[in-house]
There are 2 protein chains.
Amino acid sequence: MEVLIVEDDPLHRSYLHDAVRAALPECDLVLEAENGKVGEGLARQHHSAHIVMDLQMSERNGIEAARTIWKERPDTRILFWSNYADEAYVRGVSRIVPEGAAYGYVLKSASDDRLKLALRSIFMESQCVIDREVRGVQQKSLGHVNGFTEVEYEILIDIALGLTDRMIARRHNLSLRSVQNRLQQLYEKLDVYQRIGEDDGEGRYNLRSRAVAVALMRKLINYSALERAEADLNEWLGGKHS
Amino acid sequence: MEVLIVEDDPLHRSYLHDAVRAALPECDLVLEAENGKVGEGLARQHHSAHIVMDLQMSERNGIEAARTIWKERPDTRILFWSNYADEAYVRGVSRIVPEGAAYGYVLKSASDDRLKLALRSIFMESQCVIDREVRGVQQKSLGHVNGFTEVEYEILIDIALGLTDRMIARRHNLSLRSVQNRLQQLYEKLDVYQRIGEDDGEGRYNLRSRAVAVALMRKLINYSALERAEADLNEWLGGKHS
DNA sequence: GCAAAATCTGCGGGATCCCGCAAGACAGAT
DNA sequence: ATCTGTCTTGCGGGATCCCGCAGATTTTGC
């Protein structure tokens, strides 16, 4: 049995290495990659079936790497090991996990034992293990109380990328007005209508930009989500030509 | 001699602890804090004169903590130890360092020796030590070729927060038109005028939102910068009432 | 199968944004 | 003193955004 570790921080990498060795004595080879790009390469080359993956790496983040790996071999077991439980990450992961695949999401702040237990559960038992805190975010994002629909999320991404209403309409095959309707919902949910500078009555935010700001501060989107979205956009733009 | 370590990751914290012990035998007490808030508290309580500070912590990031610490005792020596050399961080740091203070900025990817050397240089010799890569970013941001003025940077922050032109004008005591002029410069420098969807000619970005997106992707601003800016904004809003 | 609810769409209009043009203010150089 | 470059401000106008209204279409629930 082999395990591939994809993690850019050397300290964390060696810690992971030790944890894998301790939790999985049946593992006889541990590979290491220091970013998503070489991680993909190693996974392809060794047909890795067991991967521990950091999110937030330079050169190629964990979600992108996992996406291409899963596209080639959907039965790969991947444990995501991240510092944060940002909704952007959680959404990003659950968006790419294939039907019936075994995966996990545990935080770096979790205890030694939790990590080792997760390693065994996922790699040996093919079970899904989601950290409690992450699970909370996942629930909240799905629960429609103060949660965001898939469409709302998409339009959020689009304005974060700086697309105009017209572009968004074209991209999703909608009319201009429909896009604006969705925007209105979004503004409502992000609570972007608050007044500012109340001393002389008038003072609003620029709704569009404010929405992005609030979404960033609430961790609905983050750098890596933006990066992925930009890549998707360019792909779509390229595809339109053919 | 005492050293205070402010770092949220336990692994990195203990690594730092060891490095400090090894590099500074004359140090007889090493304090540790797991975020900016308790870091501030410990610094105040122990009158710490030597601090190693992570940027990017939850609860209170390194720059905010450093700002209040330096406000109280401007001769404190602080070594910033960070994963990234984002321009947002570099600007954030050099914005708050007091006149003539000794400080350093080294990356976590630096070698053991570099870290230890920096520790000695800053804490014992009161010298400034800036990592090469960080220095590069600093230079580029100052060099007016493809670099950003202080005013341009400020207006970038303002639109990232979601302020309207009118609000920005009021905040900086400018006319509406001047704000828009600055915006134009900004758009120019961020190269935001590119066409998209060229197949039928028409296709632009929403300049304002796109500018923020590009700035994020170029690491000119990031989560922590936005967080600080939001705090500043609220402070300003509060101050206007009195 | 039908009514209720949600979503999509066009129209119209007020507010804001983006920006060309031109006149004044100010600093530094020759 | 003059000139040049940068920064500021006002005016005007076209494009875009934001959104109320109302009818059409789709989805949902029973």
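Here is how names work: the chains are called A, B, and so on, in the same order as the sequence lines, proteins then strands, and each is numbered from 1.
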TODO: Scan A:Y205 against the nucleic acid and name what it touches under 4.0 Å (heavy atoms): base, sugar-phosphate only, or nothing.
DONE: nothing

Task: Interatomic distance, A:R182 CZ vs C:dT7 P [rounded to whole Å] - done: 9 Å

Task: Rounded interatomic separation in angstrom, taking CD1 from A:I155 and C1' from D:dC18 - done: 13 Å

Task: Integer-rounded Å distance: C:dT9 P and A:N181 CG - done: 9 Å

Open item on the list: If we ignore hydrogens and angles and just use 3.5 Å, is the side chain of A:T76 paired with the main-chain N or O of A:R73 as donor and acceptor?
Closed with: yes

Open item on the list: Can a donor-acceptor pair be found, under 3.5 Å and without considering hydrogens, that links the side chain of A:Y205 to the backbone of A:A211?
Closed with: no

Task: Angle between terminal axes - the helix from C:dG1-D:dC30 to C:dT30-D:dA1, 5 pairs each end, rounded to 10° - done: 40°

Task: Distance in angstrom units between A:L190 CG and D:dC18 P, rounded - done: 13 Å

TODO: Could you state the atom-to-atom distance from CD of B:Q184 to P of D:dT9 in whole Å?
DONE: 15 Å

TODO: Could you check how far CG of B:N206 sits from P of D:dC17, rounded to whole Å?
DONE: 6 Å

Task: Side-chain donor/acceptor of B:R210 to backbone N/O of A:L163, under 3.5 Å - done: no

Task: C:dT9 OP1/OP2 closer than 4.0 Å to side-chain N/O of A:S178 - done: yes

TODO: Please tell me which of the listed nucleotides, C:dT16, C:dG10, D:dT9, lies nearest to the side chain of B:R166?
DONE: C:dT16

Open item on the list: Can you identify which nucleotide, out of C:dG10, C:dC18, D:dT9, has its nearest atom closest to the A:S175 side chain?
Closed with: C:dG10

Open item on the list: When you measure from the side chain of B:D131 to the backbone of B:L107, do you find a donor-acceptor pair of N or O atoms at a distance under 3.5 Å?
Closed with: yes

Open item on the list: Closer than 3.5 angstrom, by distance alone: can the side chain of A:D86 be matched with the main-chain N or O of A:A88 as a donor-acceptor pair?
Closed with: no

- [ ] Check every atom of C:dC8, D:dC19, C:dC18 against the side chain of A:Q180 and return the nucleotide holding the closest atom.
- [x] D:dC19

- [ ] Return the nearest nucleotide to the side chain of A:L207; candidates are C:dC8, D:dC19, D:dT8.
- [x] D:dC19

Open item on the list: What is the distance, to the nearest angstrom, from the CZ atom on A:R204 to the P atom on D:dC17?
Closed with: 17 Å

Open item on the list: Please report the interatomic distance CG(B:L115) to OG(B:S109), rounded to the nearest 0.5 Å.
Closed with: 11.0 Å

- [ ] Could you tell me how the ring of A:Y105 sits relative to the ring of A:F80: parallel (under 30°), tilted (30 to 60°) or perpendicular (over 60°)?
- [x] tilted

- [ ] Would you mind reading off the distance between B:L176 atom CG and C:dC17 atom P, rounded to a whole angstrom?
- [x] 7 Å

Task: Nucleotide nearest B:R177 (side chain, heavy atoms from C-beta), chosen from D:dC11, C:dC8, C:dT16 - done: D:dC11

